[in-house]
Amino acid sequence: MGFTEAVRTVLTQKYITFSGRASRSEYWWFQLFNWGLGVALWIVSLLLTPNSASSMSNPFSIIGVLISLALILPQIALQVRRFHDRNISGWWYLGLIVACIIPFVMFISIIAIFVISVLRGTEGPNKFGPDPLRPEARAEVFA
């Protein structure tokens, strides 16, 4: 899956779809889009108000906040589908996010989320759906 296909899939077809699976390429291309958009808006905002005490007076700051709010649900849904690709329930993601409230546990939670996002998904179908890389593959026994 390429950059444009990943962004289009997340933002149009699976905007708040928490079921199914997301491949690593879909996840990381969307992360690149999300972070790139945020950095670009931040740079433009800084260029327009370099000495301002309140950067929220800049329209690009307000646009950035609105875009961030619009992308929260697709980001969470994508992360849950990424967990599903590893055959892990999305409730574990909620548990790791809640664990971020505890000061020292936060670092372990962030590392766990990152590691799960980096690891390859289970091959073939699992209890969350078919393999996003090879949807035609079938498993005879579900574990």
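Computed from heavy atoms alone, side chains included, the values below leave out hydrogens, waters and symmetry copies. Starting from 1, each residue takes its place in the sequence as its number.
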Below 4.5 Å, heavy atoms only, C-beta onward: do Q13 and T9 meet side chain to side chain?
yes
Could you state the interatomic distance from OH (Y27) to CG (D85), rounded to the nearest 0.5 Å?
12.5 Å
Say whether F107 and I116 are linked into one hydrophobic cluster, either directly or through other cluster members, by side-chain heavy-atom distances under 4.5 angstrom.
no
Take a 6.0 Å sphere around CH2 of W92 and say whether it holds more than 12 heavy atoms from other residues, nucleotides or ligands.
no
Heavy-atom closest contact (L78 atom, A22 atom, distance):
CD1-CB, 3.7 Å
Considering only heavy atoms from C-beta outward, does the side chain of Q31 approach that of Q75 to under 4.5 Å?
yes
Would you say I110 and I101 are hydrophobically clustered, going by side-chain heavy atoms of ILVMFWY under 4.5 Å?
no
Please tell me whether I67 and F3 are part of a single hydrophobic cluster in this structure, the criterion being side-chain heavy atoms less than 4.5 Å apart.
yes
F128 side chain near I88 side chain, heavy-atom distance below 4.5 Å
no
Worked verdict on L11 versus F33 for side chain to side chain contact (heavy atoms under 4.5 Å, CB included)
CA-CA 11 Å; L11 292 180; F33 166 76; 3.9 Å; yes
Check the hydrophobic clustering (I, L, V, M, F, W, Y; side-chain heavy atoms under 4.5 Å; chains of links allowed) and say if V39 and L47 are grouped together.
yes
Rounded to the nearest 0.5 Å, what separates atom CD1 in I113 from atom CG in L96?
5.0 Å
Is there a donor-acceptor contact under 3.5 Å from the side chain of N126 to the main chain of H84?
yes
For S109 and C100, work out which heavy atoms get closest and say how close.
CB-SG, 3.7 Å
What is the minimum heavy-atom distance between R21 and G124, and which atoms define it?
NH1-O, 2.8 Å
CD1 of I97 to CD of Q79: how many Å apart, nearest 0.5 Å?
7.5 Å
When clusters are formed by joining ILVMFWY residues with side-chain heavy atoms under 4.5 Å apart, either directly or through shared neighbours, do V118 and F30 land in the same one?
yes
Any donor-acceptor pair under 3.5 Å linking the side chain of R81 with the backbone of T17?
yes
About how many Å separate CH2 of W35 and CH2 of W28, when rounded to the nearest 0.5 Å?
10.5 Å
Pairwise side-chain contact, V80 with L94, heavy-atom cut-off 4.5 Å (strictly under):
no
Sidechain-backbone polar pair: R82 side chain, S117 backbone, donor-acceptor under 3.5 Å:
yes
Does atom CG of L69 have more than 12 heavy-atom neighbours, drawn from other residues, nucleotides or ligands, at distances under 6.0 Å?
yes
Answer yes or no: is there a donor N or O on one side and an acceptor on the other, between the side chain of W29 and the main chain of M1, under 3.5 Å?
yes
Got a second to check how far L119's CG is from R86's CZ, nearest 0.5 Å?
4.5 Å
Can you measure from CG (L71) to CD1 (I76) and round to the nearest 0.5 angstrom?
11.0 Å
